[in-house]
Amino acid sequence: MAYDLKEKLVVAISSRALFDLEEENRLFEEKGIEEYYRYQIGHENRILRRGAAFGFVKNLLRINRHFDEPIIEVIILSRNNAATGLRIRQSIEHYGLAIDRAGWTAGRPISRYLKAFDVDLFLSAHEADVQEATDAGVAAARIIPKKYRKRKGKEVRIAFDGDAVLFSDASERIYKEQGLEAFLEHERRNAKKPLPEGPFAKLLKVISHIQERFPMEKAPITTALITARNFSTFERVIRTFDAWGVRVDEAFFLGGVEKRRIVKAFGADIFFDDQDVHLVGTSRKTPSARVPYRSEKSRSKKGKR
């Protein structure tokens, strides 16, 4: 019987998000693909350093130790040629990561393969791949490639922004187009109406399903909502989570206060936000990833269905 990924939490990740490949990426940009391939093959036994999402992936895979059969699957999906995968495989084995599946597309778009692998989350440093994945309806984010100190603790800690990440961008558009007062009035009028789902709503539901398998105080995943919304919008947010049947462990309504210090205090393995203005600050100390808006073209296609 074929191995079924449908009942797992499936995370697809690019090699550059998992490992520090910034030097190699510069070589590719400056000297081209042939020089890049030769370098990778010539250094196949040189172990790669940890990348921005390494700690997140390692802690996520550790959850499988609680079960007879893995409930978390991490898949390498890369635009690289398969020949360069030798170095990636060596590094995966060196760090003891239980990653058994990979795909190499030789420069072709990755988005076409995400649903074939039942992917719940796609992380990449390549902006075009992330945008295409988002337009295809897969939760995706562009990781900011940086080096981070190893975080203490084995629990997975994930922080999310609200609007345009967990929720749709409908309320955020009102704020941008009509201002703060119009936004607050809209949220008050609709306080008992759940917010529409955003690109990461399904992922939160999958995570909550895993959390339900453990006593609350022993769950290996802790989630947090860290939003620029102020406390007056609290009711609609909490009613939304209740309607979705999900659990969010911690919630911070900052009312415009800088997110950086709250994200750091939470100790996130990764933080998802849709705005660079927040990510510039949070990425100094915390692995951070930008969630893009769906393109207008993909919105139009969705509306015609």
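Residue numbers count from 1 along this sequence. These figures come from a predicted structure and were not determined experimentally.
- The 12-atom threshold is exceeded at NZ of Lys205, counting heavy atoms of other residues, nucleotides or ligands nearer than 6.0 Å.
- Phe231 CZ: 12 or fewer foreign heavy atoms inside a 6.0 Å radius.
- A distance of 11.5 Å separates CZ in Arg284 from CZ in Arg261, rounded to the nearest 0.5 Å.
- Taking CD1 from Ile63 and CD from Glu155, the interatomic distance works out to 9.5 Å, rounded to the nearest 0.5 Å.
- Under a 3.5 Å cut-off, the side chain of Asn25 and the backbone N or O of Leu21 do not form any donor-acceptor pair.
- Across every non-hydrogen atom of Phe19 and Ser91, the tightest pair is CZ-CB, 3.7 Å.
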Candidate pair Asp129 and Glu132, rule side-chain contact (heavy atoms from CB on, under 4.5 Å), full reasoning: CA-CA 5 Å; Asp129 279 341; Glu132 289 171 4; 4.0 Å; yes
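- Minimum heavy-atom separation, Ser208 to Arg247: OG-N, 3.2 Å.
- Glu24 is listed as a side-chain neighbour of Arg87, based on a closest heavy-atom distance under 4.5 Å.
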Check against salt bridge (charged side-chain N to carboxylate O under 4.0 Å, His left out), Arg89 and Glu93: CA-CA 6 Å; Arg89 185 67 238 173; Glu93 291 177 352; 3.3 Å; yes
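- Environment of NZ in Lys176: crowded, with over 12 heavy atoms of neighbouring residues, nucleotides or ligands closer than 6.0 Å.
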Working for salt bridge (charged side-chain N to carboxylate O under 4.0 Å, His left out), residues Glu35 and Arg38: CA-CA 5 Å; Glu35 191 70 24; Arg38 282 197 293 269; 2.9 Å; yes
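- Pairing each heavy atom of Ala159 with each of Ala268, the nearest pair is CB-CB, 4.2 Å.
- Atom CD of Glu235 sits in a crowded spot, with more than 12 heavy atoms from other residues, nucleotides or ligands closer than 6.0 Å.
- Counting only N and O atoms by type, the side chains of Thr222 and Glu250 include no donor and acceptor under 3.5 Å apart.
- Looking at every heavy atom in both residues, Leu279 comes nearest to Ser288 through CD2-CB, 3.7 Å.
- Side-chain polar atoms of Asn81 and Gln40 form no donor-acceptor pair below 3.5 angstrom.
- Close placement of the Phe167 and Phe241 rings is indicated, their centers lying within 6.0 Å of each other.
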Stepwise salt bridge (charged side-chain N to carboxylate O under 4.0 Å, His left out) check, Glu185 with Arg188: CA-CA 5 Å; Glu185 176 59 27; Arg188 282 192 288 267; 3.5 Å; yes
Test log, rule salt bridge (charged side-chain N to carboxylate O under 4.0 Å, His left out), inputs Lys8 and Glu69: CA-CA 10 Å; Lys8 319 286 186 182; Glu69 182 179 314; 2.7 Å; yes
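- None of Lys259, His278, Arg290 except one satisfies the side-chain hydrogen bond (donor to acceptor under 3.5 Å, both in side chains) rule with Asp273; the exception is Lys259.
- The aromatic rings of Phe272 and Phe200 sit tilted, their planes meeting at an angle between 30° and 60°.
- Without hydrogens or angle criteria, Gln131 side chain to Tyr293 main chain gives a donor-acceptor distance under 3.5 Å.
- Follow the hydrophobic side-chain contacts under 4.5 Å out from Val138 and you never reach Leu166; the two are in separate clusters.
- Contact check for Asp161 versus Gln275: no side-chain heavy atoms found under the 4.5 Å cut-off.
- Atom CZ in Phe252 sits 6.0 Å away from atom CD1 in Ile226 (nearest 0.5 Å).
- When side chains are defined from C-beta on, Lys58 does not count as touching Tyr95, because their heavy atoms never get closer than 4.5 Å.
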Step-by-step side-chain contact (heavy atoms from CB on, under 4.5 Å) determination, Val74 to Leu97: CA-CA 9 Å; Val74 176; Leu97 299 176; over 6 Å; no
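- For Arg79 (side chain) and Ala106 (main-chain N/O), no donor-acceptor pair under 3.5 Å exists by modelled atom type.
- To the nearest 0.5 Å, the span separating CG on Leu77 from OG on Ser15 amounts to 10.0 Å.
- At least one side-chain heavy atom of Ser232 sits less than 4.5 Å from a side-chain heavy atom of Leu184.
- Tyr175 OH: 12 or fewer foreign heavy atoms inside a 6.0 Å radius.
- Within 6.0 Å of CD in Glu127 there are 12 or fewer heavy atoms belonging to other residues, nucleotides or ligands.
- The distance from atom NZ of Lys264 to atom CD1 of Ile262, rounded to the nearest 0.5 Å, is 11.5 Å.
- Both Ile207 and Val165 are assigned to one and the same hydrophobic cluster, defined by single-linkage of ILVMFWY side chains at heavy-atom distances under 4.5 Å.
- No side-chain heavy atom of Leu9 sits under 4.5 Å from any side-chain heavy atom of Ile71.
- Nearest approach of Glu22 to Pro145, heavy atoms of both residues: OE2-CB, 3.3 Å.
- No more than 12 heavy atoms of other residues, nucleotides or ligands sit less than 6.0 Å from atom NZ of Lys285.
- Side-chain atoms of Ile143 and Phe56, non-hydrogen and from C-beta on, never get closer than 4.5 Å to each other.
- At distances below 3.5 Å, not a single donor-acceptor pair connects side-chain atoms of Asp269 with backbone N or O atoms of Ile158.
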CA sep, side-chain torsions, deciding dist, call: Ile13, Ile75, side-chain contact (heavy atoms from CB on, under 4.5 Å): CA-CA 6 Å; Ile13 188 167; Ile75 302 171; over 6 Å; no
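- For Arg50 against Phe54, the heavy-atom pair with the smallest separation is NE-CE2, 3.3 Å.
- Cluster membership for Trp104 and Leu18, using ILVMFWY side-chain heavy atoms within less than 4.5 angstrom, is shared.
- Taking the side chain as every heavy atom from C-beta outward, Phe160 and Val291 never approach each other to under 4.5 Å.
- Linking ILVMFWY side-chain heavy atoms closer than 4.5 Å, directly or via other members, places Leu225 and Phe266 in two distinct hydrophobic clusters.
- Between the side chain of Arg236 and the main chain of Lys193, a donor-acceptor pair closer than 3.5 Å is present.
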In a table with atom names and distances, give each donor-acceptor pair under 3.5 Å that connects a side chain of residues 110-125 to protein atoms at least two apart or in another chain.
unit_1 : atom_1 : unit_2 : atom_2 : d
Lys115 : NZ     : Ala136 : O      : 2.8
Asp120 : OD2    : Val10  : N      : 2.9
Ser124 : OG     : His126 : N      : 2.9

Test log, rule side-chain contact (heavy atoms from CB on, under 4.5 Å), inputs Arg62 and His66: CA-CA 8 Å; Arg62 191 180 279 116; His66 296 279; over 6 Å; no
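- Residues Asp274 and Asp169 have side chains not in contact (no heavy-atom distance under 4.5 Å, counting atoms from C-beta outward).
- Under the 4.5 Å side-chain heavy-atom criterion for Ile, Leu, Val, Met, Phe, Trp and Tyr, Leu254 and Leu180 are members of distinct hydrophobic clusters.
- The distance from the CD atom of Glu187 to the OG1 atom of Thr233 is 6.5 Å, given to the nearest 0.5 Å.
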